[in-house]
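Please read the structure below before turning to the comments.
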Amino acid sequence: MVLLISTRKHKMMICNPSTREIVSLPEGSHSLCGGMGLGFGFDPHSNKYKVARAFYQRDYPTTRQVCKFEVLTLGTDAWRQTEDPPYPIDRLTPVHVKGAIYWKLDSGTGDLDL
């Protein structure tokens, strides 16, 4: 079993309790909001573990907050930004099922102006 651990200061680590090995992950892109959506799972297509991260940044020149998304493949040292989600993502813990990570959409989008 491999676990993703996130601290209150948004430092992320992968922990393997059976070997007691802990690996710090590189810092992701800056987020405007205190919380962020994190997902962790095994990708059967690439045969690798991946960390997925939803976060919010300011869109210039409109100055609106927009939801962004990036992925880190374990064993690499850089986050890869993907296509932005079409809707804001709730910061609740996602569900990992059969190689896919599912998030709940954020229904309270009053301050996001998307």
Side-chain angles (χ1 to χ4, degrees):
M1 175 189 329
V2 183
L3 305 171
L4 172 66
I5 300 168
S6 177
T7 69
R8 288 182 188 233
K9 294 185 179 184
H10 306 296
K11 183 166 177 63
M12 292 174 279
M13 297 162 274
I14 297 294
C15 174
N16 183 335
S18 62
T19 63
R20 297 183 183 199
E21 182 180 11
I22 297 175
V23 176
S24 292
L25 299 181
E27 191 173 317
S29 299
H30 174 72
S31 181
L32 291 174
C33 300
M36 61 187 158
L38 285 176
F40 177 61
F42 183 77
D43 178 3
H45 299 291
S46 66
N47 206 30
K48 297 189 183 267
Y49 283 95
K50 296 186 179 191
V51 179
R53 180 177 179 264
F55 59 99
Y56 291 86
Q57 288 185 335
R58 182 101 32 226
D59 179 45
Y60 292 102
T62 66
T63 70
R64 294 182 304 174
Q65 288 185 26
V66 292
C67 188
K68 300 283 192 176
F69 202 80
E70 59 190 5
V71 175
L72 176 74
T73 301
L74 293 192
T76 66
D77 59 355
W79 290 87
R80 176 179 52 88
Q81 193 151 357
T82 66
E83 187 174 326
D84 296 342
Y87 302 101
I89 293 175
D90 198 314
R91 291 177 195 96
L92 296 174
T93 302
V95 176
H96 181 259
V97 179
K98 295 184 180 181
I101 297 173
Y102 297 92
W103 265 276
K104 179 183 171 194
L105 292 178
D106 186 352
S107 60
T109 60
D111 64 335
L112 293 176
D113 191 23
L114 296 174

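For the atom pair CE of M12 and CD of E27, the computed distance is 8.0 Å after rounding to the nearest 0.5 Å. Here the straight-line distance linking atom OH of Y49 with atom OG1 of T73 works out to 13.5 Å at 0.5 Å rounding. Rounding to the nearest 0.5 angstrom, the gap separating the CD1 atom in I5 from the CG atom in L3 is 6.0 Å. A distance of 15.0 Å separates CG of L4 from NZ of K50, quoted to the nearest 0.5 Å. With rounding to the nearest 0.5 Å, the separation of CD in Q81 from CD in Q57 is 6.5 Å. Here NZ of K68 is found 7.0 Å from CZ of F55. Values are rounded to the nearest 0.5 Å.
Salt bridge status for K48 with D43: absent, with no side-chain N to carboxylate O gap under 4.0 Å.
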Derivation of the side-chain hydrogen bond (donor to acceptor under 3.5 Å, both in side chains) call for E70 and T82: CA-CA 5 Å; E70 59 190 5; T82 66; over 6 Å; no
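Closest non-hydrogen pair, V51 versus F40, comes out as CG2-CD1, 3.7 Å. When all heavy atoms of K11 and S24 are compared, the pair lying nearest together is NZ-OG, 3.5 Å.
Looking only at side-chain heavy atoms (C-beta outward), L25 and L74 come within less than 4.5 Å of each other.
Residues that satisfy the side chain to side chain contact (heavy atoms under 4.5 Å, CB included) test with I22, not counting sequence neighbours, are M13, C15. When the side chain to side chain contact (heavy atoms under 4.5 Å, CB included) test is applied to P26, the partners found at least two apart in sequence or on another chain are L72, W79.
Without hydrogens or angle criteria, R64 side chain to D59 main chain gives no donor-acceptor distance under 3.5 Å.
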